[in-house]
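A short write-up of the structure that comes next.
Worth knowing before you read on, the calculation uses all heavy atoms, side chains too, and leaves out hydrogens, waters and symmetry mates.
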Amino acid sequence: VGDSSHAWGARIFGFVALPQNVTEHLLAERLGRLGGRVERGVEMVGFDQDADGVTVRLAGPDGEETTRFAYVVGADGAHSRVRAGLGLAFAGEAFSEEYMLGDVEVDWSLPPGYGIRSLHQTEGRTDDALVCIPLPGVGRYRMSMFAPDDLATPADGAVQHGIEGGRPPSLEHIQAVIDRLAPEPTKAHHMRWSSVFRISHRLVDRYGVGRVFVAGDAAHIHPPTGAQGMNTGIQEGVNLAGKHALAGQGAAADGLLARYHAERLPVGEEVVGRTTRHAREGIENDPEDPAVVVRREAQLLVNYRDSPIVGDTGSDHGPHPGDRAPDCRGLRRAQVNFPLRLFELLADPHHALLLYADETGPAPDLVEVDDVLATLTGGRARTYLITPDPELSVAGLPVIVDAAGEFRDTYGAVGGSGYLVRPDGYLGFRAAPLTTTALRRHLLLVFAHRSSPP
């Protein structure tokens with residue numbers, strides 16, 4: 001997110017707050033269109049892996065069964081059996097405070113659609129808090145606050161995170177905090193649901209072992225500050241899916257799946273550390289530019305610059321390998337009267353090589369470059385020629401005209417440069433000028449030496 005002065009993070013859409021159940025519905029709907037389905041009521045009770053696959057024991061409405069998978073991803077939450085089965089460390093600790101949630105309605109005069117955060121601090125320590133997240137409906141909010149002593153539940157020694165099974169808060173418990181901290185006097189009513197919960201901050205030491213991996217709350221738990229948990233888990237799924245797609249087709253370079261840990265562990269460390277700090281000190285104590293804070297909370301500043309599978313033979317201009325590939329507008333195609341966004345070209349879940357040609361630098365043999373890409377990826381990549389010259393034509397390559405010069409300016413492109421964008425939307429490689437030797441060297445970090453067509 002951002003504005004025109006932050007071209008790499010310029011937002012295409014405004015913020016949309018979706019409840020988690022709506023997000024899950026949209027994901028399940030998309031999975032169905034792709035031919036998959038979610039099997040509700042099926043529990044994994046154990047697994048064993050070997051060099052060729054993973055044997056999983058499942059329990060469902062019809063009893064237990066054993067089945068075989070090439071890979072397993074444990075996205076099974078804070079109390080993950082997959083994490084436990086792998087023997088992964090889950091270092092961290094629980095907050096000493098307990099919290100309560102209440103789904104209520106209030107009749108205050110504050111404008112709808114805005115979150116509210118009200119704190120009371122003593123000597124710099126927060127000792128009372130009220131957080132109100134708007135929900136669909138008139139005056140309806142999910143309210144979070146410290147739980148009083150009479151709702152305390154004993155710790156059982158396990159991972160302390162999530163909903164507790166003790167006595168739920170009453171409307172009077174919620175109202176007492178509203179009376180102390182609400183921006184204006186108001187009464188809560190129509191409570192639909194309430195609970196006591198605990199918060200921990202923990203992170204695995206590894207994101208996978210062999211053919212079994214963890215993602216989401218199975219890999220990291222932390223305070224809900226900034227709503228980072230689900231976004232982080234979805235990003236992990238996208239990152240790992242691209243690698244699994246190649247591995248499942250026998251097209252992945254040796255060790256590619258292990259790079260999931262290398263790329264996502266630093267992100268997990270940052271998110272857990274930041275959300276824990278913000279929960280204790282408040283987001284408002286962050287000294288950075290608010291525009292940077294907003295883009296970071298939207299996770300648009302996540303990068304993989306230190307990944308062992310990104311490469312660079314270019315300059316310091318434009319996005320670095322490992323950065324999120326920025327969008328560009330105002331692109332044109334022959335015989336099409338409306339402009340194109342770069343993200344439309346990148347919507348296909350394959351690698352995309354963006355070649356830039358103008359008079360500022362020597363152009364590589366574009367046909368040879370495209371042939372190397374097709375051969376080493378087994379046809380799993382697309383090539384686009386981007387140029388300011390509407391008359392330029394190269395047999396077999398789609399030509400995209402950079403009519404407004406936005407691609408040139410955003411990417412720092414010069415004639416002969418090339419940019420390889422990964423399926424997850426991150427820049428995996430750039431070179432200026434691009435050579436087939438440099439491109440080949442990078443591709444062999446990702447693709448098997450002999451990739452066959454999908």
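Of all the heavy atoms in Pro321 and Arg430, the pair that sits closest is CD-NE, 3.5 Å. Summarising the geometry of Phe197 relative to Leu101, their closest heavy-atom pair is CE2-CG, 3.4 Å, with the distance given to 0.1 Å. Taking every heavy atom of both residues into account, Val214 and Ala219 meet most closely at CG2-CB, 3.9 Å. Here the closest heavy-atom approach between residue Gly139 and residue Tyr141 is recorded as O-CD1, 3.4 Å. Between Arg382 and Leu373, the shortest heavy-atom contact is O-CD2, 4.1 Å. Here the closest heavy-atom approach between residue Tyr304 and residue Val267 is recorded as CE2-CG2, 4.1 Å.
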Show me the donor-acceptor pairs, under 3.5 Å and distance only, between side chains in residues 362-369 and residues at least two apart or in other chains.
residue: Asp365; atom: OD1; partner: Val367; partner atom: N; Å: 3.2
residue: Asp365; atom: OD1; partner: Glu368; partner atom: N; Å: 3.0

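Every side-chain contact (heavy atoms from CB on, under 4.5 Å) that Arg37 has, sequence neighbours left out, goes to Glu39. For Asp127, the side-chain hydrogen bond (donor to acceptor under 3.5 Å, both in side chains) partners two or more places apart in sequence, or in a different chain, are His120, Thr122. Every residue two or more places apart in sequence or in another chain that forms a side-chain contact (heavy atoms from CB on, under 4.5 Å) with His25 is listed here: Glu29. Under the ring-ring contact (aromatic ring centres under 6.0 Å, His included) criterion, Phe146 pairs with Tyr99, not counting sequence neighbours. With sequence neighbours left out, His244 forms a ring-ring contact (aromatic ring centres under 6.0 Å, His included) with Tyr71, Phe213. Not counting sequence neighbours, Ala75 has no partner by the side-chain contact (heavy atoms from CB on, under 4.5 Å) test. Remark: Pro390 pairs with Val401 by the side-chain contact (heavy atoms from CB on, under 4.5 Å) rule, at least two apart or across chains. Not a single side-chain hydrogen bond (donor to acceptor under 3.5 Å, both in side chains) links Arg206 to another residue, sequence neighbours left out. Applying the ring-ring contact (aromatic ring centres under 6.0 Å, His included) rule to Tyr419 yields the partners Phe407, Tyr411; only residues at least two apart in sequence or on another chain are considered. Residues that satisfy the side-chain hydrogen bond (donor to acceptor under 3.5 Å, both in side chains) test with Thr383, not counting sequence neighbours, are Asp370.
Surrounding CZ of Arg68 are more than 12 heavy atoms belonging to other residues, nucleotides or ligands, all under 6.0 Å away. Within 6.0 Å of the CG atom in Asp50, the count of heavy atoms belonging to other residues, nucleotides or ligands exceeds 12.
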Inset, instruction - Check step by step if side-chain hydrogen bond (donor to acceptor under 3.5 Å, both in side chains) holds for Tyr356 and Asp358. - result: CA-CA 7 Å; Tyr356 185 78; Asp358 68 8; 3.3 Å; yes
Inset, instruction - Would you sort out whether Thr387 and Asp402 count as a side chain to side chain contact (heavy atoms under 4.5 Å, CB included), showing the intermediate values? - result: CA-CA 5 Å; Thr387 176; Asp402 187 24; over 6 Å; no
Inset, instruction - Check the pair Met143, Ile116 against side chain to side chain contact (heavy atoms under 4.5 Å, CB included), reporting the backbone distance first and the verdict last. - result: CA-CA 9 Å; Met143 295 190 176; Ile116 295 165; over 6 Å; no
Inset, instruction - Could you walk me through whether Thr126 and Gln121 pass the side-chain hydrogen bond (donor to acceptor under 3.5 Å, both in side chains) test, one step at a time? - result: CA-CA 4 Å; Thr126 299; Gln121 294 187 329; 2.9 Å; yes
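For Thr375 (side chain) and Val372 (main-chain N/O), no donor-acceptor pair under 3.5 Å exists by modelled atom type. Between the side chain of Arg380 and the backbone N or O of Thr377, at least one donor-acceptor pair lies under 3.5 Å.
The aromatic rings of His261 and Tyr207 lie perpendicular to each other, with more than 60° between the two planes, well past the 30° mark.
Inter-residue side-chain proximity for Leu31 and Val38 is flagged as met; some heavy-atom pair is nearer than 4.5 Å. With contacts defined as side-chain heavy-atom distances shorter than 4.5 Å, the pair Glu43/Leu58 does not qualify. Arg274 places none of its side-chain heavy atoms less than 4.5 Å from the side chain of Glu269.
Side-chain polar atoms of Glu263 and Ser307 form a donor-acceptor pair below 3.5 angstrom. Side-chain atoms of Glu236 and His220 include a donor-acceptor pair closer than 3.5 Å. A donor atom on one side chain and an acceptor atom on the other are found under 3.5 Å apart for Thr232 and Gln299.
Screening Arg341, Glu406, Glu344 against Asp327 for a side-chain contact (heavy atoms from CB on, under 4.5 Å) leaves a single residue, Arg341.
In this structure, Arg81 does not pair ionically with Asp76, as no charged nitrogen and carboxylate oxygen lie closer than 4.0 Å.
Both tests hold for Arg83 against Phe90: distance to the six-membered ring centre under 6.0 Å, angle to the ring axis within 45°.
Listed by first then second residue, pairs satisfying ring-ring contact (aromatic ring centres under 6.0 Å, His included) with a partner in residues 369-402 number zero, not counting sequence neighbours.
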